[in-house]
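Okay, so here's the structure we're looking at.
No experiment lies behind these values; they were computed from the predicted model shown.
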Amino acid sequence: MTIEVLWERIKEFEGQVFKQIRGGRFTYKVNGNTLILSRTNRSVPKSAFERALKKVPLENTVPLQNLQAPSYLYAILMDERIKKNEW
């Protein structure tokens, strides 16, 4: 899996509801190489997904704690729509 393939999948599901480990629901918008989250004022750069991609599959958010918005990264990367049984 390359970051470009992952980013295209992320863009494909823009506006759809994703669920965090603790049940929080959110949507996002993609603006260039940045993902804008609906539940917080945070944005997540594509580069954070590139670093997180190296750590999949994930059991929890612990391996992502050094990245921005780890619970959101986890929710997106481990969602079936995004991972498509690839990890």
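Atom CZ of Arg39 is surrounded by more than 12 heavy atoms from other residues, nucleotides or ligands within 6.0 Å. For CD of Gln16, the number of neighbouring non-hydrogen atoms (other residues, nucleotides, ligands) closer than 6.0 Å is greater than 12.
Between the CD atom of Gln20 and the OH atom of Tyr72 there is a distance of 4.5 Å, given to the nearest 0.5 Å. The CG atom of Leu37 sits 8.5 Å away from atom OG of Ser71, with the distance rounded to the nearest 0.5 Å. To the nearest 0.5 Å, the span separating CD1 on Ile36 from CZ on Arg42 amounts to 13.5 Å. Atom NZ of residue Lys84 and atom CG of residue Leu6 lie 11.0 Å apart, to the nearest 0.5 angstrom.
With salt bridges taken as basic N to acidic carboxylate O contacts below 4.0 Å, one links Glu4 and Lys46. Salt bridge status for Lys11 with Glu8: present, with a side-chain N to carboxylate O gap under 4.0 Å.
A donor-acceptor pair under 3.5 Å is formed between the side chain of Ser38 and the backbone N or O of Thr27. Between the side chain of Arg25 and the main chain of Lys19, no donor-acceptor pair closer than 3.5 Å is present. Looking at Glu14, its side chain does come within 3.5 Å of a backbone N or O of Val30 through a donor-acceptor pair. A donor-acceptor pair is defined here as one N or O able to donate and one able to accept, closer than 3.5 Å; such a pair exists between the side chain of Trp87 and the backbone of Leu77. One N or O on the side chain of Thr2 and one on the backbone of Val5 form a donor-acceptor pair closer than 3.5 Å.
Nearest heavy-atom pair across Lys55 and Pro63 is CD-O, 3.3 Å. Minimum heavy-atom separation, Arg51 to Leu67: NE-CD2, 3.2 Å.
The aromatic rings of Phe18 and Tyr28 sit tilted relative to each other, their planes meeting at an angle between 30° and 60°.
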